[in-house]
Amino acid sequence: MSAPPLTKFARSPRRSGESQDRRTELVLGVLACGVLALVAGMVIFVFAKAWPSFSHNGLKWFGPGGDVGAQLQAIFNSPADPANYVYLLRAWPLIYATILVTASSVALALAFAVLSAIFIVEFAPNRLRRILEPTVRLLAAVPSVIYGLIGVLVLVPLVGNHLITRAQKESVIFVVQLTGNSLLVAVIVLTIMITPIMIAIIVDALRSVPNGWKEGAAALGVNRWRVMWTIVVRSARPAIIAAAVLATARALGEAIMLAMVAGSVAFSPNPLDGPTFFLEPIQPLASTIVINAEGLTVVPFGQTLYAFAAVLLVSAAGLSLCGYAAKQPLKRYGIRA
Amino acid sequence: MEGMMPPPIRRIVVDEPATVVAAPAATSQTNGSTPSHSSPVSVTAPRRRAASLAGGIERMATHDLSILYGDKAAVKNVSLPVRQGEVLALIGPSGCGKTTLLRSLNRLVELTATASRQGRITLDGQDIDALEVTQLRRRVSMVFQQPNPFPMSVFDNVAYALREQARKRPRKSELGPAVADALQRAGLYDEVAADLAHPALRLSGGQQQRLCIARSLAAGPEVLLLDEPCSALDPGSTEIIEDLIVRLREEVAVVIVTHNLQQAYRIADHVGFMYLGELVEYGPAEQIFGSPQEQRTQEYVSGAFG
Ligand SMILES: Nc1ncnc2c1ncn2[C@@H]1O[C@H](COP(=O)(O)OP(=O)(O)O)[C@@H](O)[C@H]1O
Ligand SMILES: [Mg+2]
């Protein structure tokens, strides 16, 4: 009938709330600091490695000038004597390709994801919704190589054989070869790759908008589409920004898939070429790193690749900051970020 | 009941176990229809409204209206008129279908997937099913139990309906007067005039609810539905909103759900008492609180006052 064992158990240190809280705090604190130290270490390492490439070229590193492919080749072939290392690089075509492919696919994916999420949350019949949602989540988890494979096996030949006309090929024949590996295919595949995760995030965000706001708007005689657009999407803007930032980061860092479908020619597509613009090959920064990874042992070449990595790292950090800044004005009106 | 002690009355109070209160001493008054204890005069609060405006025209009416959730009826065979220029209060214990009845009047109940309706509802004699639902909701607007201002500025909240109704997006300066007018009618203007860009969600609860009323009024409704608008508010805000409702009835027909009987008594011209989905009794406030015809009404009214 007596309960001493129970009392004893309740008093055991494991159960005593305060000391457990303190321990949890300590462990989490150490973990968080560990992560921070890791990030800092990585940044310092990359920048230290990349420094010679930046310091030899100065700001011109980022500018246009000459053929990047040939420059990279020259760096790779530099003499073994450190005094004669070649560093000359004008990386603009790679940066331009990165911006072009990332911005286009994120813009496309954003529009597509918001509309799809609205459809899934508000308009899809229940049965369709029950199929759509798991499918989207599955697609979000597909490894990018698979998208790259499909792109290379299906889209590239399709574009190369059917979309590109002989006249188009001839019009740029002295500058670049049109094979189907192109900006167009890169943007299509990248868009398909980043859209599902955006849809998944935005669906969750739209769903978590308080029902009271939707009903309040509906009660004013606003139709469903306008309720979704003016109230629900508006209130979910922070999550939409977060989804866009995540997708942009993924697109920036996408290397293998783009190397497969975009064509490994460091070329700057020229908008003045009209429709041919979309059919010209590109080579973004991340792909350049993967394609040339075997040259890392050549010291100046390795340093140049680290410089690409450093640029990507800074862009990703800048991106997070932009996302954070974009959310700030929304907080004032009580939209939870 | 003549000559007998009346039976103890079960007090029906929302969210509380029913308690039995002592029956009133049936000494001098044994006339069941006018028991002294339930006389509204014993309530200290005075009535806010002046005498009822004389016989307003009927704007809305339900005819044998039933609402079912799945196959469970939440509202059963209710026929009820809503008149212009008066406040209609729906009273009754929690879960008796007041909110459901109110939400059916602007077809908001249709947002619930399981809900179905039987019977007819008319607005100015026209079946509301014949109206486009957005048109109906512009004419029959609703304020909810929980204040639900949008996460925007005070101005944008009130301007929301105006902007949505306009063909072409109006400029801010064009909306200014209408917004100020709606805020004024909702009795909020003086408090927020200094800063219309203030975030609505940072107002107090009472101000938020008045903002919601202003938001509804800006849409120019003919019937205003209020679902326990004061249940989440402090007494001060409640008083302001009651004043406001009494003033509003001159412009729009007002239907208010409340489980606060004193409030219903203070502001209503007509009262409907609902119990378990049925409309037990409908009549002028004086009748419902003074001399209810139905046993259940009397028990509820007196129980809550007792
Ligand atoms: N969305 C819903 N789905 C199913 N049943 C509901 C729903 N809303 C209300 N009900 C039921 O309908 C009845 C009436 O509810 P309600 O109209 O909210 O009552 P009141 O507003 O008078 O408290 C209750 O029994 C409640 O459980
Ligand atoms: Mg209710």
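Each chain gets a letter, A, B and so on, in the order its sequence line appears, and its residues count up from 1.
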A:Phe123 atom CZ, neighbour heavy-atom count above 12 within 6.0 Å: yes

A:Leu220 and B:Arg138, any side-chain heavy atoms less than 4.5 Å apart: no

Under 4.5 Å from any heavy atom of chain A, what part of B:Pro221 do you find: side chain, backbone, both or neither? neither

Should we count CG of A:Asn211 as having more than 12 external heavy atoms under 6.0 Å? yes

Greatest number of non-hydrogen atom pairs under 4.5 angstrom with chain A, of B:Ala113, B:Ala200, B:Pro149, B:Cys212, falls to B:Pro149

Are more than 12 heavy atoms, taken from residues, nucleotides or ligands other than A:Phe112, located less than 6.0 Å from that residue's CZ atom? no

Counting heavy atoms not belonging to A:Glu25, are there more than 12 under 6.0 Å from its CD? no

Within a 6.0 Å radius of atom CZ on A:Phe277, are there more than 12 heavy atoms belonging to other residues, nucleotides or ligands? yes

Starting at OG1 of B:Thr134, measure out to CZ of A:Arg226 and round the result to the nearest 0.5 Å. 12.5 Å

B:Arg103 versus chain A, heavy atoms under 4.5 Å apart: side chain, backbone, both or neither? side chain

Chain A contact via B:Glu164 - side chain, backbone, both or neither, heavy atoms under 4.5 Å: side chain

Using only non-hydrogen atoms and a strict under-4.5 angstrom cutoff, which residues of residues 153-163 of chain B touch chain A? B:Ser153, B:Tyr160, B:Ala161

Identify the heavy atoms of A:Ala219 and B:Ser141 that sit nearest to each other, and give their distance. O-OG, 3.5 Å

Point-to-point distance, once rounded to the nearest 0.5 Å, from CD of A:Glu215 to CG of B:Asn148: 8.0 Å

Can you list everything that forms a salt bridge (Lys or Arg N to Asp or Glu O under 4.0 Å) with A:Arg224? Sequence neighbours excluded, please. A:Glu122

What heavy-atom pair brings B:Phe150 and A:Trp213 nearest, and what distance separates the two atoms? CE2-O, 3.3 Å

Dump the intermediate steps for side-chain contact (heavy atoms from CB on, under 4.5 Å) on B:Met152 and A:Ile231, then the final yes or no. CA-CA 10 Å; B:Met152 315 168 180; A:Ile231 300 293; 3.7 Å; yes

Using non-hydrogen atoms and a 4.5 Å limit, figure out which bit of B:Val143 sits close to chain A: side chain, backbone, both or neither. neither

